[in-house]
J.: 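My structure is below; once you've seen it, I'll send some questions.
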Amino acid sequence: MGAIAFAVLGVDLGSLRGTVLVVAVYMWAPAVAAILTQRWVGDSIRIGCGLRRGRLRWIGLAWVTPVGLLALTIGFGALLPEVSFTTDYGAFLRDLGLPAEQIDASLAVLEGLPVPPVVFLVGQGLVAGLTINAVAALGEELGWRGLLLRELSPLGFWRLSLLTGVVWGIWHAPLIVQGHNFPDAPVAGIVVMTGWTVAASPLFTYLTVRAKSVLAATLLHGSFNAVASLSLVYLTGAGTLLVGPVGVAGIGAGVLATTTCVVHDRYVAAVRVSAGEPLELW
C-alpha cells in the first residue's frame with residue numbers, strides 16, 4: 001500500500017523526502033506486521049522477534065561484514081566485461097549531477113583527510129550502520145530475521161533462507177518498478193534484486209542464528225546499505241544492474257560470503273546450523 005501511495009502521489013524516491021518516506025512507511029512495514037502479529041496472538045514481541053542482547057562478538061562481526069562484502073563486490077565486479085576499478089571520485093560526483101562548486105569542495109575535503117579516502121568513507125558507513133541506518137534496518141529485520149525466521153525455523157537453514165530470500169526480494173518489487181535501486185532497468189532490477197536477496201539470505205540467517213539476536217541482522221543490514229554502496233564509487237563502465245551492491249557483482253559477493261559461512265559451519269563451528277535440521281534460535 002505504501003508503494004502504491006508513493007506512485008499515486010508522485011513521490012521522488014531519490015529525494016530526501018522520498019528516502020524518509022521509504023524508511024518510515026516501507027522499511028518499517030515488516031516490523032509493524034511482526035509486532036501486530038505478536039500482539040494479536042498474545043506472545044512476547046521481544047522473544048518472538050529475537051530482540052535480545054545475544055552474543056556480542058557475532059553481532060560485532062555482523063556489523064563489519066559489509067566491509068568484506070564491499071571488497072568482494074568490487075573484486076567480482078572488476079571481472080565483468082568493460083568494468084574497471086577506479087578512484088576517480090570526481091567522476092562519481094559528476095554522475096550524481098552535483099554542481100561543480102560542490103564537487104570541488106567535496107574533493108578538497110577528501111584530499112585533506114589524514115587517511116586514505118576509502119578508510120574515511122568506510123568508517124563513515126560503519127558509523128551510520130551502527131546508528132541511523134540501524135534504526136531503518138530494524139524495521140525490516142524484526143520481520144525477516146525476527147518473526148519470520150522463528151516461524152520458519154523448523155524448515156532448516158537452507159529452505160528457510162531460500163524462502164526468506166524470495167519473499168524479501170519480491171517485497172522490494174513495488175519500489176524497484178518505480179526506479180528505486182535500478183533507475184535504468186526497473187523490471188530487470190526486480191529479478192536481479194531477488195537474485196541478490198536469495199544469495200545473501202543465508203549470510204543474514206547464519207549470523208543471526210550464531211548471534212542469537214536479530215541485532216546481528218540489523219547491524220549487518222544497516223552497514224551494508226551504507227558501506228556496500230561504495231561499489232558504485234570504485235567501479236566504472238556499467239550501471240547499478242551490474243556493479244551495484246545488490247546487482248550482479250553483489251550477487252557474486254553474496255554467494256562467496258555464503259560459501260564462507262558454510263566452510264565455517266562445517267569445519268570450524270562446534271555445532272552445525274546448516275545441516276538441514278530445525279534451527280535452534282534464541
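Heads up: numbering here begins at 1 and tracks the sequence. Given the structure is predicted, the values throughout are model-derived calculations rather than measurements.
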J.: With the side chain counted from C-beta on, respond yes when Arg272 and Phe157 share a heavy-atom pair under 4.5 Å apart, and no when they do not.
T.: no

J.: On a heavy-atom basis, which atom in Ala62 and which in Ala216 lie closest, and how many Å separate them?
T.: CB-O, 3.3 Å

J.: Would you say Trp40 ends up clustered with Ile47 if hydrophobic residues are merged whenever their side chains have heavy atoms under 4.5 Å apart, either directly or through other cluster members?
T.: no

J.: Where do Leu70 and Ile74 land on the side chain to side chain contact (heavy atoms under 4.5 Å, CB included) test, with the steps shown first?
T.: CA-CA 6 Å; Leu70 171 63; Ile74 292 174; 3.7 Å; yes

J.: Side-chain contact, heavy-atom cut-off 4.5 Å: Thr164 with Leu149?
T.: no

J.: What's the spacing between Phe204 CZ and Thr65 OG1 if we round to 0.5 Å?
T.: 9.5 Å

J.: Which heavy atom of Pro66 sits nearest to which heavy atom of Leu220, and what is that distance?
T.: CG-O, 3.5 Å

J.: Might you point out which heavy atoms bring Ala269 and Asp265 nearest each other, and give the distance in Å?
T.: CB-O, 3.8 Å

J.: Rounded to the nearest 0.5 Å, how far does CG of Leu126 lie from CG of Asn133?
T.: 10.5 Å

J.: Between CD1 of Ile35 and CG of Leu147, what distance do you get to the nearest 0.5 Å?
T.: 10.0 Å

J.: For Leu51 and Leu215, what are the C-alpha separation, side-chain angles and deciding distance, and is it a side chain to side chain contact (heavy atoms under 4.5 Å, CB included)?
T.: CA-CA 7 Å; Leu51 194 57; Leu215 295 179; 4.1 Å; yes

J.: Looking only at non-hydrogen atoms, find the nearest pair between Phe85 and Leu235 and report the distance.
T.: CA-CD2, 4.5 Å

J.: Looking only at atom types and distance, does a side-chain atom of Thr197 sit under 3.5 Å from a main-chain N or O of Thr194, one as donor and one as acceptor?
T.: yes

J.: Distance from Trp171 atom CH2 to Ile176 atom CD1, nearest 0.5 Å?
T.: 10.0 Å

J.: Determine, using ring centers only, whether Trp58 and His264 are less than 6.0 Å apart.
T.: yes

J.: Go through it in stages, so that I can follow the logic: the residues are Ser84 and Thr236, the test is side chain to side chain donor-acceptor pair (under 3.5 Å), and I'd like the CA-CA distance, side-chain angles, deciding distance and then a yes or no.
T.: CA-CA 6 Å; Ser84 59; Thr236 186; 5.5 Å; no

J.: Less than 4.5 Å apart, any side-chain heavy atom of Leu163 and any of Leu155?
T.: yes

J.: Please give the remaining members of the hydrophobic cluster of Leu72, linking ILVMFWY side chains under 4.5 Å, ordered by chain and number.
T.: Leu256

J.: Are the side chain of Arg210 and the backbone N or O of Tyr206 linked by a donor-acceptor pair below 3.5 Å?
T.: no

J.: Does a side-chain heavy-atom distance below 4.5 Å link Trp282 with Thr208?
T.: yes

J.: State yes or no: do Val118 and Leu121 share one hydrophobic cluster built from I, L, V, M, F, W and Y residues joined by side-chain heavy-atom distances below 4.5 Å, directly or via other members?
T.: yes

J.: Atom CG in Leu138, atom CE in Met27: separation rounded to 0.5 Å?
T.: 9.5 Å

J.: Hey, is the main chain of Glu140 close enough, under 3.5 Å, to the side chain of Trp28 for a donor-acceptor pair?
T.: no

J.: Is the shortest heavy-atom distance from the side chain of Asp184 to the side chain of Leu241 under 4.5 Å?
T.: no

J.: Would you check, one step at a time, whether the test side chain to side chain contact (heavy atoms under 4.5 Å, CB included) holds for Thr218 with Leu142?
T.: CA-CA 8 Å; Thr218 298; Leu142 282 179; over 6 Å; no

J.: Does Leu113, at its CG atom, have more than 12 non-hydrogen atoms belonging to other residues, nucleotides or ligands within less than 6.0 Å?
T.: yes

J.: Would you say Thr205 and Ser201 make side-chain contact, with heavy atoms under 4.5 Å?
T.: yes

J.: Which pair of heavy atoms, one from Ala226 and one from Ala128, lies closest together, and at what distance?
T.: CB-CB, 4.2 Å

J.: Yes or no on ring pair (Phe, Tyr, Trp, His ring centres under 6.0 Å) for Tyr234 and Tyr89, after CA distance, side-chain angles and deciding distance?
T.: CA-CA 8 Å; Tyr234 294 104; Tyr89 299 101; 5.7 Å; yes

J.: Would you say the side chain of Pro183 lies within less than 4.5 Å of the side chain of Thr240, judging by non-hydrogen atoms?
T.: yes

J.: Do Leu107 and Leu96 land in one hydrophobic cluster if side-chain heavy atoms of ILVMFWY residues count as linked below 4.5 Å?
T.: yes

J.: Is there a donor-acceptor contact under 3.5 Å from the side chain of Thr258 to the main chain of Ala199?
T.: yes

J.: Looking only at atom types and distance, does a side-chain atom of Gln38 sit under 3.5 Å from a main-chain N or O of Ser44, one as donor and one as acceptor?
T.: yes

J.: Test: salt bridge (charged side-chain N to carboxylate O under 4.0 Å, His left out). Region: residues 46-56. Which pairs qualify, not counting sequence neighbours?
T.: none

J.: For the atom pair OG (Ser213) and CG (Leu281), what is the distance rounded to the nearest 0.5 Å?
T.: 11.5 Å

J.: Applying the 4.5 Å side-chain criterion to the ILVMFWY set and letting contacts propagate, would Val191 and Leu175 be lumped into a single cluster?
T.: no

J.: Using atom types as modelled and distance alone, determine if a side-chain donor or acceptor of Ser231 lies under 3.5 Å from a backbone N or O of Val243.
T.: yes

J.: Looking at Phe76 and Ala249, what are the two nearest heavy atoms and their distance?
T.: CD2-CA, 3.6 Å

J.: Taking the six-membered ring where the residue is Trp, are the ring centres of Trp196 and Trp168 under 6.0 Å apart?
T.: yes

J.: Using a 4.5 Å cut-off on heavy atoms from C-beta on, say whether the side chain of Phe224 contacts that of Val246.
T.: yes

J.: Rest of the hydrophobic cluster containing Val198 (Ile/Leu/Val/Met/Phe/Trp/Tyr, side-chain heavy atoms under 4.5 Å)?
T.: Leu162, Val166, Ile170

J.: Val187, Met193: one ILVMFWY side-chain cluster at the under-4.5 Å cut-off?
T.: no

